[in-house]
Amino acid sequence: MKVILFLPALLVAALLLLAQLDDELSPEAEAFISRIDTSGGSEAYLYLLGIYANEDDSPEKVGRQLLAEYRQHERDDAYEIIDYDESKKLALPTKAFTCGAWEEDCLKSLLESELNTDDLRMKHEILLSRSDRFHDFSEYKTLTMPSVEERIPPYQYLAAAERIKMLSALTLHKQGQSADAILALEDQLQSLRHSLALQDNLIGKLVFVMQISTALDFLSVISSQAQLSVIRMNGLSGDEKGLAMAAAREFQMSYAALKEADRHPEFFQIGGNVPGWIVRMLYKPNMTLNAIAPQYTRFERLSFASASQFAQEVESFDEIGTSALSIRNYAGAKLVHMYDIFDEYNARFLDLDAKIILFNHLNEGFENARNPYYEDEAPEIFADRACFRGPMEDPRSLRCLRTGI
């Protein structure tokens, strides 16, 4: 009788033990993790980290101090980071002049404004010189580990400096010096593209994509109004649109978050207190990571695809299957669908490439321009812009080139 009772109990215990077992990380997942290396140094990264330092402080020195704080927090998440004194930071320009060029009345309001860009440049002279210095670097490497708590460098200071430069070009145009304005914007675009190629993280890449798109709109409107020609531009290079390191950093961020969730008492709700062994029965971090790794591989691969290849794949894409995961990793299978989000990021780079095609037809007209997504299509031409159709939504008009207001 005891043997009969013992066998079911033993079976239950064995099943519970098996339910705790996770898979090994796949070679695909391991390959992403192995790419992350925050050792060594990067003067460009340190400079950007401290770019808002007071005029009496060195951006490199402040950046180095902040990095030390961030790394201390990485080693001990209870450590409270000592940030740079907010009152000592360089002032940012007023938000009145930071509207998006894709917004309906943005360029019109800027062209009609009485903005004194000489005063603006003088007031933010240090910020402008620091943005120029940043573009002079020939390297960039993020030195913090990817995580949901990672401190992102203050790209908004670079964006503010770039907007001041664009506004200065607009002022030159309004003063009748349109040729000088065009030259200034062409030089600015060269610097922006140089920095885009060096960025190794997704946020940095996207910041420069938007700056380049905006500069193209400014340049196009000025050229159209002044009836002056502009130089043709090459499409985005592999370094400019490639997302190999960005994909690895995004995967590492997911790795850190999904590993932290393993056996976490608050897995199902904040304030919860579920025993870790129950969480592990329903959630296996490695199985989840192995399931999402192909999404990151696809993200990286599509960053090097042509626009037509991207369109074909997006329009025929099936959601990632989770049936094989559901039995042993029921909760993890639910999480997998949170990672089907990368196509919209790939599209921004390809949309910008499409905008460059439109820009290169600005002088002779858009009739002969061909849509890189759908090769037999010409752009739609409106009174104040030309646009290509694409496979994804384009809320910030990256596929459109402004020609007027």
task: Report the distance from atom CD1 of Ile152 to atom OG1 of Thr144, rounding to the nearest 0.5 Å.
output: 6.5 Å
- line: Taken in chain and number order and not counting sequence neighbours, the residues that satisfy side-chain hydrogen bond (donor to acceptor under 3.5 Å, both in side chains) with Asp200 are Thr142
query: Given the side-chain rings of Tyr255 and Phe32, with only the six-membered ring counted for Trp, is the space between their centroids under 6.0 Å?
result: no
query: Under the ring pair (Phe, Tyr, Trp, His ring centres under 6.0 Å) criterion, do Tyr52 and Tyr157 qualify, and how do the steps go?
result: CA-CA 7 Å; Tyr52 50 47; Tyr157 282 80; 5.5 Å; yes
Between Glu300 and Ser303, a side-chain donor and acceptor under 3.5 Å: no
query: How about Pro146 and Phe251: do any of their side-chain heavy atoms sit closer than 4.5 Å?
result: no
- request: Answer whether the closest heavy-atom distance between the side chains of Glu375 and Arg370 falls below 4.5 Å.
  value: no
query: Are Lys88 and Asp56 within salt-bridge range, i.e. N to O under 4.0 Å?
result: no
- line: The ring-ring contact (aromatic ring centres under 6.0 Å, His included) partners of Phe359 (sequence neighbours excluded) come to none
- request: Indicate yes or no: does Arg301 engage Glu313 in a salt bridge with an N to O separation below 4.0 Å.
  value: yes
- prompt: Under a 4.5 Å cut-off applied to non-hydrogen side-chain atoms, are His173 and Ser178 in contact?
  reply: yes
message: Show me the pairs that pass salt bridge (Lys or Arg N to Asp or Glu O under 4.0 Å) and involve residues 145-163, at least two apart or across chains.
response: Asp83-Arg151, Glu150-Arg249, Glu162-Lys165
message: Using 0.5 Å steps for rounding, measure from the OH atom of Tyr140 to the OG atom of Ser42.
response: 7.0 Å
- request: Start with the C-alpha gap between Ile212 and Leu352, add the side-chain angles, then the distance that decides, and say whether side-chain contact (heavy atoms from CB on, under 4.5 Å) holds.
  value: CA-CA 8 Å; Ile212 292 167; Leu352 179 59; 3.9 Å; yes
message: For Leu92 versus His124, what's the shortest heavy-atom pair and its separation?
response: C-CE1, 3.8 Å
field: Pairs involving residues 199-260, ordered by first then second residue, that meet disulfide bond (SG atoms under 2.5 Å apart) (sequence neighbours left out)
entry: none
field: Any pair counted as disulfide bond (SG atoms under 2.5 Å apart), so long as it reaches residues 199-245, sequence neighbours left out
entry: none
query: Hey, are Asp239 and Ser237 close enough side-chain-wise for a donor-acceptor pair under 3.5 Å?
result: no
field: Beyond-backbone contact of Thr403 with Leu362, side-chain heavy atoms, under 4.5 angstrom
entry: yes
- request: Decide yes or no for Phe349 and Leu243: does some side-chain heavy atom of the first lie under 4.5 Å from some side-chain heavy atom of the second?
  value: yes
query: Can you list every pair that meets salt bridge (Lys or Arg N to Asp or Glu O under 4.0 Å) and has a residue in residues 206-219, with sequence neighbours left out?
result: Asp217-Lys355
query: Does some side-chain heavy atom of Asn346 sit less than 4.5 Å from a side-chain heavy atom of Val314?
result: no
task: Only pairs at least two apart or in different chains count here, so list each disulfide bond (SG atoms under 2.5 Å apart) that has a residue in residues 355-405.
output: Cys387-Cys400
field: With sequence neighbours excluded, residues passing ring-ring contact (aromatic ring centres under 6.0 Å, His included) with Tyr373
entry: none
- prompt: Taking only residues at least two apart or on different chains, which pairs with a member in residues 115-126 satisfy salt bridge (Lys or Arg N to Asp or Glu O under 4.0 Å)?
  reply: none
task: Return each pair, listed once, that meets side chain to side chain donor-acceptor pair (under 3.5 Å) where at least one residue sits in residues 388-401; pairs must be two or more places apart or across chains.
output: Asp351-Arg399, Glu377-Arg389
message: Salt bridge check, Glu30 against Arg35: does any charged N sit closer than 4.0 Å to a carboxylate O?
response: no
- request: Sorted by first residue and then second, give each salt bridge (Lys or Arg N to Asp or Glu O under 4.0 Å) pair with at least one member in residues 40-50; sequence neighbours left out.
  value: Glu43-Arg64
message: Under a 3.5 Å cutoff, is there a donor and acceptor pairing between the side chains of Asn54 and Tyr84?
response: no
message: Strictly below 4.0 Å, N to O, side chains only: are Glu86 and Lys89 in salt-bridge contact?
response: yes
message: Could you tell me if the side chain of Pro285 sits less than 4.5 Å from the side chain of Lys259, heavy atoms only?
response: yes
message: Can you confirm whether Lys141 sits close enough to Asp37 that some side-chain heavy atom of one is under 4.5 Å from a side-chain heavy atom of the other?
response: yes
- prompt: For Glu28 and Thr297, does a side-chain donor sit closer than 3.5 Å to a side-chain acceptor?
  reply: yes
statement: Sorted by chain and residue number, the side chain to side chain contact (heavy atoms under 4.5 Å, CB included) partners of Ala31 (sequence neighbours excluded) come out as none
